[in-house]
Each structure stands twice: as C-alpha cells, then as structure tokens.
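The structure under discussion appears below in the form of structure tokens.
Every value quoted in this text rests on a predicted model; they were computed, and no experiment measured them. Counting starts at 1 for both ligands and their atoms, following the listed order.
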Amino acid sequence: MAISKAIIVFPLLCFLSSTISILCDPYPLVCNEIEKRALLSFKHALSDPAHSLSSWSAQKDCCRWNGVYYHDITGRVFQLDLLNFGLVDKVSPALLQLEFLNYLDLSNNDFGGSPIPSFLGSMQSLTYLDLSYASFGGLIPPQLENLSNLLYLSLGGVAPLGKLEPRPLYVKNLHWISHLSSLEYLSMYEVDLHREVHLVESMSMLSSLSKLYLGGCELDTMSPLLGYVNFTSLTELHLYGNNLNHEIPNWLFNISTSLLQLFLDYNQLTGQIPEFLGQFKHLEHLSLGYNSFDGPIPSSLGNLSSLVSLFLNKNRLNGTLPSSLGLLSNLETLEIRNNPLADTISEAHFNKLSNLIFLDMSSTSLIFTVKSNWVPPFQLKHLWMSSCQTGPNFPTWLQSQTSLQDLDISNSGIVDLAPTCFWKWASHIEVQIDLSDNQISGDLSGVLLNNPYIDLSSNCFMGELPRLSPNVIVLNMANNSFSGPISHFLCQQLNGRSELEALDLSNNDLYGELPLCWKSWQSLTHVNLGNNNFSGKIPDSVGSLFSLKALHLQNNGLSGSTPSSFRDCTSLGLLDLSGEIPQSLADLTFLNRLNLSYNQFRGRIPLSTQLQSFDAFSYIGNAQLCGAPLTKNCTEDDESQGMDTIDENEEGSEMRWFYISMGLGFIVGFWGVCGALLFKENWRNAYFQFLYDIRDRVYVAIAIRLNWFHDNLRRLLVSETHH
Ligand SMILES: *[C@@H]1O[C@H](CO)[C@@H](O)[C@H](O)[C@H]1NC(C)=O
Ligand SMILES: *[C@@H]1O[C@H](CO)[C@@H](O)[C@H](O)[C@H]1NC(C)=O
Ligand SMILES: *[C@@H]1O[C@H](CO)[C@@H](O)[C@H](O)[C@H]1NC(C)=O
Ligand SMILES: *[C@@H]1O[C@H](CO)[C@@H](O)[C@H](O)[C@H]1NC(C)=O
Ligand SMILES: *[C@@H]1O[C@H](CO)[C@@H](O)[C@H](O)[C@H]1NC(C)=O
Ligand SMILES: *[C@@H]1O[C@H](CO)[C@@H](O)[C@H](O)[C@H]1NC(C)=O
Ligand SMILES: *[C@@H]1O[C@H](CO)[C@@H](O)[C@H](O)[C@H]1NC(C)=O
Ligand SMILES: *[C@@H]1O[C@H](CO)[C@@H](O)[C@H](O)[C@H]1NC(C)=O
Ligand SMILES: *[C@@H]1O[C@H](CO)[C@@H](O)[C@H](O)[C@H]1NC(C)=O
C-alpha cells in the first residue's frame, strides 16, 4: 500500500520508474512469460499507427519495452504508462492477466467512441486509472465499482485535444462511485452527469477525496450537490462550465478549511458572492467569472491571504472595489473585467500586491487615480485596462513596468502627449500594445515601433510616419493626423525581413505618390491607405505583393488604371479603389448598428438579411449607392462598378481584416484570449503555457468548447482556414 500511495505522486513515480529501468539494464530480468504474452496480445488487438509499441517484440527483453514497468524483484508488471501513444481501436481483455498491475494510463489515445471496457472493473489491483482524452464514449460501466483500491480515477475529457468529439461519456447514476472509498482524485471532465441527482450523496462516501473535477458535466441544478457534505479533505473543486443557476450553496462553508481551489466559472450562478468565502483560509484560486453574480465584491476576500488568482470577469458586480484586495500579497492574477463597478481606485488598492503579474480591469467603470510618480509594488506581464478611466493624463507610472507582454489602455480617456521616453520603453513590450481610441498626441517621426501587434488608431498622433522593426505584424494607425509622404516609411531600411501582414493608415493626411518600394513587404496581406491624399499612379510593384488579399485605396487622388502586374497577386480578394461596401460585411450577423452614411460608397449594397434590415438612413449621403433598402434601383452601370472581386472565396480573409481593423482590444476582449491565440503559432504556445501555469490544460480545453466561445471562435476559425 505504501508503494501504491506513492504512485499517484508524479515526481516520485518518475523517480521510481527511472530507478527501476536503471536496475533493469545491468540485471536483465526474465519477465513473466504469461504477462509478456498478454501484453503481446494487447498490442495485436490495437492499431499502433505511431509505432509507439515497436519496442514490444517477442525477441526483446521486456525490460526495454516502452511504457512497461516491471518490479525488479518479482519481474511482474506493475505499471503500464501508454499516455499519448497514438493508439487506436480496441483495448484487449488480455490485460486481465496482469495480476499485479496497479497503474494503467491510456489517456490521450483514440479509442474511437467505443465504451470503456467493463472488464477493467475486474482489475482489482489498480490504484491508478487514467482513461481521459481517449475518445471513449457511452455509458461508464458501473463495474468500475469493484476497483476498491483506486486512489486516482480520471475518466473525463472526451477526445484527445484537437480531435472532434465522438459521442460523450455519461452515467445513469454514480452509486458505483461510493464503493471507491479510497479515492483521492476523481476527474470526470465533460462526462454527462445530468441524469445523476444524488451526486453529493454518492461523493459523501469518499472520505479521502481531495480533488474533484466535474467541469463541463451538464450539471444543471445545484440539487445534486445538496446533502450532507462530509468530505472534509477536499482541496480542489472544479465545477466550471456547467449550467448551475442557483446561489452558491452554504454547504461550501463546510469545506472552508481544506479548500485550495474553487472553480465555479462559466455557469449561471446568481445572487451575491457570499461573505463567508473570506474564511477559506488556504484558498489559492478563486474563479467565479462568467456568471450572473450581482451586488458587491465582498471585502472579506481581502482576508484570503494565500490567494494567487481571483477571476471575477463578466458578472454583474456593482459597487466599489474593496481596498482590502490590496492586502493580497500573494495575488498574481486579478481579473475583474466587464463588471459595472463604480469606484475611484488609488494606490491603496494595490498596496501589497507585489506579486501581481496579470491585471484586467477592462470595461469596468472604475476611475484610476494614481499619482503620476506612483511606483507600483508589482511588475506586470499583462495589463488590460480598456474602457477604464485612466486619463486625462498619460499614465507615466506604466514605465516602471519592465516585463510587460500586453498593454491595452484603449478608450481610457487619455488626452495628453505621450512622453518621448514612452516609445523607447514601449518597444520592449513583447506582444501587443493598444492605445487606440484616446486623444494621445505626439510626433512619431523619430520613433521606432517594435511590437508584433500595434494599435494606435483614433488618436491625435502627428508628424511623419514612424519607422518599423521587422517584428511588427499588425500595425493600425488609422484615424490620426499623420502627414507627409509615405515613401520614407515604405522605403526605410529594414533591419531584417519584415513580418508585417496588416497595415492600416487610413484617415490620415498622408500625401504624395505611392513609392516603388513594396518589394520589401512581402508578408502584407491587408493594406488600407484609404482617405488620405495620395496622388499619381498605383505603382506596378504593388503587384509583387504575392500574399495581398485586400487593398483599400478609396478616397485618394490616385489616377490611372489598375496595373497589369496585379494579376500576379493570386490571392487578392478585394481591390477597393472607390469605396464599395465589401461583400464580407453581408456575413456579419452580430452587427446591430451600422451607419455608413455620408461616405462615398457606391455600387450595390451587398445582399444579406442583415444589411437590408438597416433602414435607409444608415446609407444616406452616398449618392452612388443603390439597391435595397434604398429606393434607388441599380443600373447596369452600377453593377459593373461593383467590387473588383477577383475570387469570391476570399471573403474569409476580408472578414479577418474587418476584425483586425476593429482593433486589437476587440479581438482580445471579445474573443477572449483564445481568439488572439489563433493568430500566431508561437504566441499560441506562449499563451497556453501561461494558462497552464494558473489553470490546467484541461481547463483551457473546456473553456474553448464552451458555448460562449463556440460560435465566435468557429467564425474566426472558418475565416482562418478559408485560405
Ligand atoms: C464485482 O466483483 C464481484 C466479485 O469480486 C463480482 O461478483 C461482481 O459481479 C462484480 N461486480 C460487477 C459490477 O462486475
Ligand atoms: C459521510 O456520510 C455518510 C452518510 O451520508 C457516511 O456513510 C460516511 O461514513 C460519512 N463519512 C465520514 C468520513 O464521516
Ligand atoms: C455543515 O456542517 C455542520 C456542522 O459542522 C452540519 O451541521 C451541517 O449539516 C453541514 N452541512 C452540510 C450541508 O453538510
Ligand atoms: C478578516 O478577518 C478578521 C479576523 O478573522 C475579521 O475580524 C474581519 O472582519 C475579516 N475581514 C473581513 C473584511 O471580513
Ligand atoms: C447593485 O445591483 C443591485 C441589483 O440590480 C441593486 O439593487 C443595487 O442597488 C446595486 N448597487 C449599487 C451600489 O449600485
Ligand atoms: C477618430 O478619432 C476621433 C478622436 O479620437 C474620434 O472622435 C472619432 O470618432 C474617430 N473616428 C473614427 C472613424 O474612428
Ligand atoms: C491634396 O493634395 C493636393 C495636391 O496634390 C492639394 O492641392 C490638396 O489641397 C490636398 N488636399 C488636402 C485635403 O490636403
Ligand atoms: C447615420 O448618421 C447620420 C449622420 O450622422 C444620421 O443623419 C442618420 O440618421 C444616421 N442613421 C441611423 C440609422 O442612425
Ligand atoms: C425599381 O424597380 C422596380 C422593379 O424592379 C420598379 O417597380 C420600381 O418602380 C423601380 N424604382 C425606381 C425608383 O425606378
């Protein structure tokens, strides 16, 4: 028993197994012949397209078989560790012959929706059983009740990450669980439990239960969770992504001394956040986001001295932000985005937050009033304060932050000059900088921009265009007062190969001819130079932009015809010289307000249920626009003026451009972190890594599958895979 207890502890396990394999080498064991044959038949019943089991050959010493661990003295198999082996098809009952097997990990394989084999219930020596993310489906066999020695049981997670979900696992009831009285770890992520109404009753028998993961289990009322709660050793309780729609039940208080993690986010929980949560002395992670909690954030949370992360995003929390939160000296993550809080916050709110690395106060009505010489106790990596009143003065305290990866202070009421030293500091921000929708001014002609995503749109920046480092991928400087020719910018000496994909310089005062230097910007897919005062011809070298998908040049003084070199731009989807309404707008179903009045739009309004549902006043002042809902009928002439659409299938890319031009804040805010992840592979990894730090991988996977994300994410994915 001592050994089997140790087995659930991973580091120990690794140590143990490596010790054993070291022992294996100098003293090759003769492994038990029956077990060896059993393993070979297990192998033959499977498909092994990844050749993970190629070391399993009758000729080879079984000590050298991948994933198989033998006891050095008895020569009997005690552990099968086949996690992520890429195995497919069928689990053979030959495993039953491994009498001493106490550790079986088949997670992250693909058993194609077949049921969990009921014979596993007869493997009574098992203490550790992991069948998660292995595409098992159907009813979980109640025979598992016979595994009375189990300490660790993980059944959740339907498909391996990145695969489509087959039919889900479900239970009729959990009576069988109550027999697993030694269980310490139980994970049933995404197992459909909605038929079970006596959840707590069954769980109550698990007096040693420490970790209970029931995320995404279709639990729709708290009633299964009512009952006498006596699992007093519970340290982690995950119930996120269900449909729970009650207040937080009082019995939670009964586990207040043991609990370290409480994840209740992505439900429909209502009422107030109970004061008693302040008494969860050891709580490290509290996640209540994406619910309907109403009323204030209880100041008792300031007593959670062990708290590392607090997620309260997207609720209806109103009132003040308790300054007691400033006492949480271990806090690394504070997310209160999207709550109607109304308060003036000052230095005191951050007094002891020396470990804070992630701060999201976006879309709260908080007013940030810290002194300009404030030196915060923290070094943030992520700061999101969009639509949070930070101005009118430029937040100079930002420059004390030397490890920032994300900075979003869009729409924060700043009416000020950005200090010159700001730009040198900002060039070290690793991922994105969003200053859009403020009235920040400054002459950027001497500045070098260096961040991958940059949104400076809708401000008062002026002077000639700044210089770029090759790291910039998206640059939005629309709606400013940049002036002068564009030739310096485009013909600048780049210190490497540019990664620039999207460039928006529309609505500025740029003038002069378009230069010939487009060849150095081969990554460009989207360019908007509309509403400036460019003149002359479109140079042939624009045609060398092989990846170009959309080029907007409307409302300039450009003359001449489309260069013939454009036929080389094989993926060009939209060439917008005159201001037509892009067809892709017709696909947007989430718009509820659109006003395109007083532009120079012309041609037919694209047909869609949405665009025609706006009244004619949305299009007023575009003399050359025609078609429903306007009364003006289109003539043949209008039709021929329609978009120069070369490939209708490229609407997807135009969609993406639409999102990009709506601002990075939109992407990050609306799509959540996950939307941003899709943009660039290596950041995706970085973000997932970051998320792993605070939650686990499974958590992210479930968050992605949640309905809230689902539709929107799919839309983006569709547009991404379109090309
Ligand atoms: C559990 O094991 C007992 C014998 O140990 C057996 O009689 C019984 O059928 C098993 N239960 C299930 C559900 O397989
Ligand atoms: C928990 O309560 C159940 C009855 O609901 C009881 O059978 C079990 O023994 C109790 N466990 C402990 C550890 O008190
Ligand atoms: C909570 O614990 C108290 C005693 O400490 C007990 O009387 C009460 O029934 C428990 N509540 C639940 C829901 O288990
Ligand atoms: C924090 O705990 C102390 C001592 O237990 C208590 O007096 C105080 O009311 C608590 N603070 C809050 C804000 O609940
Ligand atoms: C918070 O919202 C609730 C419910 O809408 C309301 O009754 C309460 O007055 C609000 N509190 C504040 C401080 O606005
Ligand atoms: C451009 O910026 C100004 C000033 O910030 C703002 O008032 C205006 O709405 C912006 N226009 C667009 C089209 O974003
Ligand atoms: C645009 O440029 C022309 C000269 O090319 C100039 O005459 C005109 O005033 C400019 N318009 C604006 C609005 O700056
Ligand atoms: C769009 O804006 C114009 C001018 O700002 C206004 O006259 C018109 O009524 C607006 N249309 C709608 C549908 O709000
Ligand atoms: C537009 O065309 C319809 C028929 O297609 C016709 O009935 C209508 O009178 C026309 N309207 C105008 C303003 O020409």
Check your understanding: Does any N or O in the side chain of N451 come within less than 3.5 Å of the main-chain N or O of I429, such that one atom is a donor and the other an acceptor?
Key -> yes

Exercise for review: Write down, by chain and number, every protein residue that brings a non-hydrogen atom to less than 4.0 Å from an atom of ligand 5.
Suggested key: D294, N318, G319

Study note, to complete from the structure: Rounded to the nearest 0.5 angstrom, the CG-CG distance for N242 and L264 is 9.5 Å

Exercise for review: Please check if the side chain of N480 supplies one atom and the backbone of M462 the other of a donor-acceptor pair under 3.5 Å.
Suggested key: no

Exercise for review: Please answer whether the main-chain N or O of P452 pairs with a side-chain N or O of E430 as donor and acceptor at a distance below 3.5 Å.
Suggested key: no

Review point. Can you check whether H194's main-chain N or O pairs, donor with acceptor, with D192's side chain at less than 3.5 Å?
Key: yes

Exercise for review: Answer with yes or no after comparing the ring centroid distance for Y185 and Y213 against a 6.0 Å cut-off, counting only values under it.
Suggested key: yes

